[in-house]
Amino acid sequence: MDPTKIGIDQDFFLKTFAALAEIGRDPNGQGYQRLAWSRAEREAHRWFRNQSEQLGFEVWTDHAGNSFADFSPLADSEVPALTIGSHLDTVPYGGAFDGGLGVVAALTAAKAIRDSGVPFKRPLRVAAFTDEEGPRFGTGLLGSKAVSGALDMDLVRQAQDVDGIRLQDAMAEFGCDLESLPLVRQTLKRFYGYIELHIEQGPRLERAGLPLAAVTAVTGIRQIRLTFQGKSNHAGTTPKEDRQNTLRAAAETIAQFSAYVDATDNLVANPGRVQVHPNATNVVPGETRLDWDIRSPDPQLLDQATRKLAQLAQAASAPFHIVSEDKIFHDVPPCPLNEKWTGIIEASAKVLNLPITRLVSWAGHDAGVLGRVIPSAMIFVPSRDGISHAPEEFSSDAAMLEGTRLLTQTTLAILTERRAE
Ligand SMILES: [Zn+2]
């Protein structure tokens, strides 16, 4: 690769990051409320398009509400663009760094590369994807899924928020037609690959005292509901041997499966939600529903864990003469990121003299969706105390600037690679 070092405009990064951080602040000072298809999220997208126009980039949007800014030095505008970016929405009471960092860093990188005058062989695009987080409508990764053609239109049509506002109507308020979402896929041919800079959202970099990571894979996420079916009865008079206590079977399953997960590398699992019926102190619970979130970057391990969970649930049910059922209700396959590009990230860190490690991402990202259809790569910077999705989310200016430098250097290396076609 070309070992030319490229500088970035630090003031531009800091000012632009501060400007974005003014949009969608929680009125009570509890972080940010830039939920998907809210006024604040749409304002952030308008802000992004204005910023991009001021930089002289060509701005366009699609039917999913995604915003893009292109810079093409080529006469042939049909050449697919190398795309860098992230998302502008937040979770409720979220932070300014998750998503926002990636978008501002991408604008800074694009400006630096454009201003450097280095000849490159592909167009460059900055992307701000919509509804990455998903808590409002239960959709999540909506913008990047629309581009990659992975949207489940039945789910999207049914989606509504806690106030009963349908996704369809929230989109219409901002001039987007839900039924046009499948058309977004036609733009995929305009994307060559995708690189995303993001906060780590965990404590591993901070604990290792390292400033950067190249992400090797985005985890698969499988959510499974176990339903234990027994019989409700009196808590005092029912003989011990007759009690079909479904909550005890669920508790036993939690203990057994957690032990299995603790002893297995590359696998995490969380028993996060229990619904007990009738949920009364003096009644043997006749039905318990137990929801698990299971994650692994290894698809075989996910399948193995799914089978193990079902077996353990059945084994825990037998002594109580109850039955258990398991049902997957949310399933995102793991996504290995592009190995060659991960290597380019590491080589670029070397050019900049920055230490770097490799990490798996245990959170979902747009790069984990796009990485299934186009070459994709990710860079992490440390999160203070490993906290994210909370008002305390924080990464230092120094950490963000180092990440932005690495994003810029990596993007330049890929843009100046010889085109194969
Ligand atoms: Zn994010």
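We count ligands from 1, going down the list as the structure has it; atoms in each ligand are counted the same way. All residue numbers in this chain count up from 1 along the given sequence.
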- Query: Is there a donor-acceptor contact under 3.5 Å from the side chain of His365 to the main chain of Ala367?
  - Reply: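 No; zero donor-acceptor contacts below 3.5 Å.
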- Side chain Thr246, main chain Gln229, donor-acceptor under 3.5 Å: no
- Message: Counting only heavy atoms not in Glu339 (residues, nucleotides, ligands), do more than 12 fall under 6.0 Å from its CD?
- Response: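 Atom CD in Glu339 is not crowded, with 12 or fewer foreign heavy atoms closer than 6.0 Å.
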- Item | Residue His389 excluded, over 12 heavy atoms near NE2 under 6.0 Å |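 More than 12 heavy atoms, drawn from other residues, nucleotides or ligands, come within 6.0 Å of this atom.
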- Message: If I take every N, O or S atom of Asp366, is at least one of them less than 2.8 Å from the Zn ion (ligand 1)?
- Response: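 Short answer: no, not a single N, O or S atom is under the cut-off.
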- Does His198 bring an N, O or S atom to under 2.8 Å of the Zn ion (ligand 1)? yes
- Among the N/O/S atoms of Asp98, select the one at the shortest distance from the Zn ion (ligand 1) and name it.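 The atom in question is OD1.
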- Task: Starting from the Zn ion (ligand 1), look over the N/O/S atoms of His87 and name the nearest one.
- Result: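 For His87, the N/O/S atom sitting closest to the Zn ion (ligand 1) is NE2.
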